[in-house]
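Everything on this sheet refers to the single structure shown next.
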Amino acid sequence: MRPFRPLALSLALAALVPMTLDAQPTPQATIANSDGTLLSVSADGSSKRVPDVATISTGVVTRAADANAAMRDNANQMTKVMAAIKAAGVAERDIQTSGVNLNPNYNYTPNKPPKITGYEARNTVSVKVRDIAKLGKVMDSLVAAGANDLNGPSFEVDKPDEAYDEARRGALEKAQARAEMYAKALGLRVRRIVSIDESGSSFPRPIPMMAMKAMAAAAPAADTEVSPGEANLSAHLNVVFELGR
């Protein structure tokens, strides 16, 4: 048998392994005798989707002279906010407490120790809204109910598997076309795919984030406008081909 022939163009050599598609690095095994040449090709694929789920962070911040009063006031207001979240049709499974904090406020004077002047209580929840058309109205209703801390939204595709598979197919087609080009230029043919390594998929969110500090009495005349834009879900593949006569 003839030994492996290395390719120019900085083509990476890879060991012969059974075909696999997995997010984890592919285990490698060496086959001693072959008259083929290995070609490693990297390719990207993408799929566009309109996000159909939004997540916001909302809650209540209260201040008082003593810690107990700050927490008590916060609990009273937060009860109204939680009622508004549920009244907006958000399911229990889509509401999650993300933080409850109580911190002292200090007054700093030169050459003197800091003095506690009061306390700040903060209760924050993460809310997933599955009907984006109602997102602006939901946020406005929370502010009207007493929420004075509102951040978001962040958008996502609720069921991205189909889109990721579309991106994977696109990446694989690009890799195959590139391998055919190299093979033709070298007077060879593509015999088979030796291995596929999926090095990662991504869901970038280049969507502007909205942050708002508001008082319950400052309810807007119109619903807050939001736009989910378009999300790009991508896949990156490293594919090893065997070339030969």
Side-chain angles (χ1 to χ4, degrees), residues 21-23 42-61 78 81-99 122-175 177-178 197-216 218-238:
L21 179 56
D22 193 275
S42 296
D44 297 300
S46 64
S47 178
K48 298 185 183 298
R49 293 290 189 277
V50 175
D52 52 4
V53 175
T55 301
I56 59 175
S57 174
T58 188
V60 173
V61 179
M78 196 64 191
V81 172
M82 292 295 286
I85 294 172
K86 295 172 183 177
V90 179
E92 286 280 359
R93 65 189 176 96
D94 292 328
I95 307 170
Q96 184 178 53
T97 298
S98 54
R122 183 185 299 267
N123 191 332
T124 307
V125 294
S126 175
V127 180
K128 184 171 288 187
V129 179
R130 297 183 183 275
D131 187 350
I132 291 182
K134 297 180 179 179
L135 179 58
K137 183 175 291 186
V138 170
M139 291 192 294
D140 292 339
S141 68
L142 300 183
V143 174
N148 57 8
D149 188 9
L150 180 64
N151 294 277
S154 62
F155 295 100
E156 62 183 291
V157 176
D158 188 33
K159 297 179 180 179
D161 289 348
E162 180 182 347
Y164 278 128
D165 285 344
E166 184 178 306
R168 292 177 180 112
R169 284 192 294 271
L172 186 57
E173 289 171 2
K174 287 181 182 179
R178 200 163 296 161
D197 173 63
E198 183 176 342
S199 60
S201 301
S202 64
F203 177 47
R205 297 184 178 95
I207 302 165
M209 298 294 288
M210 199 181 97
M212 177 167 61
K213 304 287 183 181
M215 298 303 294
D223 293 341
T224 299
E225 292 187 9
V226 294
S227 177
E230 188 176 61
N232 185 55
L233 294 86
S234 64
H236 180 82
L237 300 181
N238 298 305

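Sequential numbering from 1 along the given sequence is applied to the chain's residues. These numbers come from the heavy atoms of this one structure, side chains and all, not from hydrogens, waters or symmetry mates.
- For Gly146 against Val81, the heavy-atom pair with the smallest separation is C-CG2, 3.8 Å.
- Using modelled atom types and a 3.5 Å distance limit, the side chains of Arg49 and Ser47 yield a donor-acceptor pair.
- Between the Asn148 side chain and the Val61 main chain, a donor and an acceptor come within less than 3.5 Å of each other.
- In this structure, CG in Leu150 is found 6.0 Å from CE in Met139, a value given to the nearest 0.5 Å.
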Please report the C-alpha distance between Val125 and Met78 in whole Å, then the side-chain angles of each, then the deciding distance to 0.1 Å, and finally whether the side-chain contact (heavy atoms from CB on, under 4.5 Å) criterion is met. CA-CA 10 Å; Val125 294; Met78 196 64 191; 3.7 Å; yes
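- Comment: Lys137 does not engage Asp140 in a salt bridge, judged by the lack of any side-chain N to carboxylate O separation of less than 4.0 angstrom.
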Full working for side-chain contact (heavy atoms from CB on, under 4.5 Å) between Ile56 and Leu142: CA-CA 11 Å; Ile56 59 175; Leu142 300 183; 3.9 Å; yes
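- Note: Glu166 CD to Asp161 CG = 13.0 Å, rounded to the nearest 0.5 Å.
- Residues Asp158 and Val53 share a closest heavy-atom pair of CB-CG2, 3.4 Å.
- Counting only distance, with no hydrogens or angles, the side chain of Asp197 and the backbone of Asn238 share no donor-acceptor pair below 3.5 Å.
- Listed for the Arg169 side chain is no donor-acceptor partner under 3.5 Å among the backbone atoms of Gly45.
- Residues Thr124 and Ser57 approach most closely at CG2-OG, 3.1 Å, considering heavy atoms.
- From Arg168, atom CZ reaches atom OG of Ser234 across 10.5 Å, with rounding to the nearest 0.5 Å.
- Listed here is the closest heavy atom pair of Gly229 and Pro51: O-CD, 3.4 Å.
- Between the side chain of Ser126 and the backbone N or O of Ile95, no donor-acceptor pair lies under 3.5 Å.
- Nearest heavy atoms, Lys128 versus Val90: O-CG1, 3.7 Å.
- Taking 4.5 Å as the limit, every side-chain heavy atom of Val129 sits out of range of all side-chain heavy atoms of Pro153.
- For the pair Ala88 and Val138, the tightest heavy-atom approach, listed with the atom from each and the gap, is CB-CG2, 3.9 Å.
- Here the CD atom belonging to Glu198 is positioned 6.0 Å from the CG atom belonging to Leu237, to the nearest 0.5 angstrom.
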